[in-house]
There are 2 protein chains.
Amino acid sequence: MKSDKVSLSDIAKAAGVSTALVSYVMSGKEKEGRVGQEMANRIREIAKELNYQPNLLAKSLRNGRTNTIGLIIADISNPFFANIAREVEDESRRNGYTIIIGSSDEDADKAWDLMNVLINRQVDGFIIVSSENSGRLVEHLQNIRLPFVLLDRHFPEYNTDFVVTNNAKASHEAGSHLIQNGYRRIGFIAYKSAMFHVKERIRGYQEALQEHGIEPKATWLKEVQFNAIESEIRTAIDELVQTEEPIDAIIFSTYGLAVNGLKYLNELRLRVPEDLGVVSFGQAEVFDLYYCPISYMRQPIDVLGKKAVSMLITRLSGESGEAQHFTVDAQLIARESSRPKV
Amino acid sequence: MKSDKVSLSDIAKAAGVSTALVSYVMSGKEKEGRVGQEMANRIREIAKELNYQPNLLAKSLRNGRTNTIGLIIADISNPFFANIAREVEDESRRNGYTIIIGSSDEDADKAWDLMNVLINRQVDGFIIVSSENSGRLVEHLQNIRLPFVLLDRHFPEYNTDFVVTNNAKASHEAGSHLIQNGYRRIGFIAYKSAMFHVKERIRGYQEALQEHGIEPKATWLKEVQFNAIESEIRTAIDELVQTEEPIDAIIFSTYGLAVNGLKYLNELRLRVPEDLGVVSFGQAEVFDLYYCPISYMRQPIDVLGKKAVSMLITRLSGESGEAQHFTVDAQLIARESSRPKV
DNA sequence: TACCATTGCTTAAACGTTTAAGCAATGTGA
DNA sequence: TCACATTGCTTAAACGTTTAAGCAATGGTA
């Protein structure tokens with residue numbers, strides 16, 4: 001068993017022809033290389049015999065594309081993102097691309113460094129689930145004209161391709177659902193962030209209340225720091241609950257918030273949904289572990305992932321038109337945690 | 001702002017010297033290249049000015065190493081593995097390596113294909129969380145002398161580097177712990193698998209019972225198919241519980257089994273730990289969502305990941321001695337789900 | 001018959017590095 | 001003073017591809 005060492009010139013030698021000819025055949029360009037039928041077959045034969053595997057490095061060096069996509073994820077330990085990553089990876093592979101993942105851990109500097117490492121690795125383009133303050137990153141990529149698609153989170157102030165969920169609408173739906181089921185004083189817990197998707201979720205929630213004639217109190221909205229989630233979510237929930245007019249339902253804007261929040265509700269011995277109705281964003285399967293299945297806004301991970309890949313790939317193949325936007329709706333999965341109040 | 005286009009020869013031109021000289025300086029070989037101090041500084045200066053970024057492809061093509069590691073994970077949607085992946089990625093990056101991940105989804109064929117894609121990408125080595133029937137893969141890598149480290153799961157019949165948890169011991173501890181807390185009829189649910197780590201976990205469990213004078217009944221051991229987990233786990237639990245001598249505790253050998261199993265226990269309205277004590281393997285955070293915090297065998301993900309990387313990297317730097325083995329102990333995190341029986 | 005197009009192939013440069021080998025100038029020791 | 005070592009640089013080949021350009025033989029058309 002020969003190892004990886006078989007090159008074009010080995011085949012060429014074996015066939016008694018030039019490497020050019022072999023290259024034309026191996027890259028399916030026998031037409032434009034004007035290679036004879038017979039010879040083409042012979043070369044293919046020999047290549048198979050020698051188990052030829054093209055050297056991708058050489059290919060890339062020569063033609064300037066690596067067929068590699070850089071995927072920068074805000075937080076890979078979040079299963080929602082992990083599953084997005086997986087979807088992106090699968091879909092890319094299906095299209096002949098390899099992806100290199102990096103997690104920025106919601107840190108702009110780390111994202112920046114990651115981007116540079118990946119640029120150095122000559123990725124052809126990026127798919128980015130951006131973190132706070134990633135404007136610089138977006139600008140830089142635009143400057144050097146490296147194609148990229150923003151996934152799940154985008155910046156309205158930049159004109160970029162993106163694939164996102166309609167967050168305002170999702171939040172709106174979550175809120176309306178709770179109201180329809182009899183909840184009135186609905187809290188909302190989000191990460192403290194200036195990012196658009198966060199603001200949108202808050203907006204949707206507030207609008208839903210207003211449309212149903214409920215004035216969303218400022219104290220119902222809690223913003224907790226990503227880095228101090230464990231402590232701050234306790235304070236947040238305490239403040240929502242320990243007041244003369246405690247909330248009767250809560251919307252978690254994120255998987256991580258929900259996990260930590262629900263945990264704390266357990267500690268407080270607050271019952272869902274009797275004491276507190278719950279709807280969450282984020283990833284599903286795990287919410288089933290709660291004694292009471294958690295209602296959530298299901299984001300179509302597969303659609304998001306696949307669309308981002310296909311959008312990027314059309315860019316990579318030279319498309320240079322208008323920025324592409326793709327917005328998909330989340331779907332309310334209503335379960336026990338938000339069942340009608342009795 | 002110039003883009004990526006600056007090459008050695010641009011610097012060489014600017015400095016009026018040969019590319020060789022620049023190369024020596026840029027790769028820190030001014031000593032062996034016998035480059036003059038003054039010239040070296042001038043070159044560095046110019047390089048910085050032009051914002052030179054070496055072309056990694058060219059480098060790799062020339063010297064045959066890509067500084068890339070292929071990471072093949074059995075199931076990336078499992079948070080335990082996702083976190084391992086993350087650890088591996090971080091540690092690799094810290095050492096100047098980039099990793100390319102692929103999930104084999106516990107499928108030997110997919111793992112094989114992945115391996116080939118990654119070999120084509122000229123990874124310098126592999127870290128592999130292997131799936132069933134990956135013997136062929138191991139053999140092939142040994143044949144072509146591509147370094148690799150098996151992580152979390154290994155094959156005793158092959159002489160390879162590996163980094164694993166002491167599964168028998170962990171299982172033994174889980175069993176003993178339950179027994180000490182008064183449980184007597186302890187079930188064990190594992191994936192149906194011929195893999196060593198699965199067998200080891202079963203062995204540890206059985207030995208623990210025996211050492212405490214309990215004969216582990218064959219009916220207490222349930223093996224469910226990875227692909228049919230949702231249905232088979234129900235049958236398994238039904239059979240464990242609906243008998244004249246139902247079990248009073250259960251060990252889940254895996255994160256996925258635990259999630260699905262606990263879910264079903266909820267449906268059955270079985271109370272943990274009153275009706276059924278529980279200890280699980282797998283990832284932690286999420287078990288907190290259960291109304292009753294789940295005891296688990298904590299595997300030191302960071303240690304596993306870091307050790308695998310360092311083991312591989314020493315191989316990559318030419319070490320060719322004996323196969324390295326590293327075994328780490330899991331730690332019992334005892335919580336409510338296995339509290340002493342009253 | 002002369003001309004041109006087509007077919008089947010080869011040559012060679014290029015992508016951006018690394019590095020062995022070589023060359024000239026200077027320094028050193030006997 | 002000669003021989004040789006050291007210093008500071010250049011040349012050029014190599015890694016494995018791709019592809020424009022060129023060349024010779026054949027076929028078709030006028």
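Between the CD1 atom of I72(A) and the CG atom of L114(A) there is a distance of 5.0 Å, given to the nearest 0.5 Å. Atom CG of residue L57(A) and atom CZ of residue R62(B) lie 14.0 Å apart, to the nearest 0.5 angstrom. With rounding to the nearest 0.5 angstrom, the CD atom of Q142(B) is 10.5 Å from the CG atom of L137(B). Atom-to-atom distance recorded for F126(B):CZ and I119(B):CD1 is 5.0 Å, nearest 0.5 angstrom.
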* **Annotated protein contacts, base or backbone, on nucleotides 4-10 of chain D with a non-hydrogen cut-off under 4.0 Å, one of B, S, - each** => ---BBBB

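Residue N67(A) contributes atom CG, which lies 15 Å from atom C1' of dT18(D) at whole-angstrom precision. Computed from coordinates, the N63(B) CG to dC15(C) C1' distance equals 16 Å when rounded to whole Å. Taking atom CE of M26(A) as the reference point, atom C1' of dT18(D) lies 14 Å away to the nearest angstrom. The separation between L61(A) atom CG and dA14(C) atom P is 14 Å, rounded to whole Å.
Taking the six-membered ring for Trp and thresholds of 30 and 60 degrees, H154(B) and F196(B) have ring planes more than 60 degrees apart, a perpendicular arrangement.
Between the R65(A) side chain and the D124(A) main chain, no donor and acceptor come within less than 3.5 Å of each other.
Closest approach to the K29(A) side chain among dT19(D), dT17(C), dT17(D) is made by dT19(D) (side chain taken as heavy atoms from C-beta onward).
When the side-chain nitrogen and oxygen atoms of K59(A) are compared with OP1 and OP2 of dG16(D), none of them lie within a distance under 4.0 Å.
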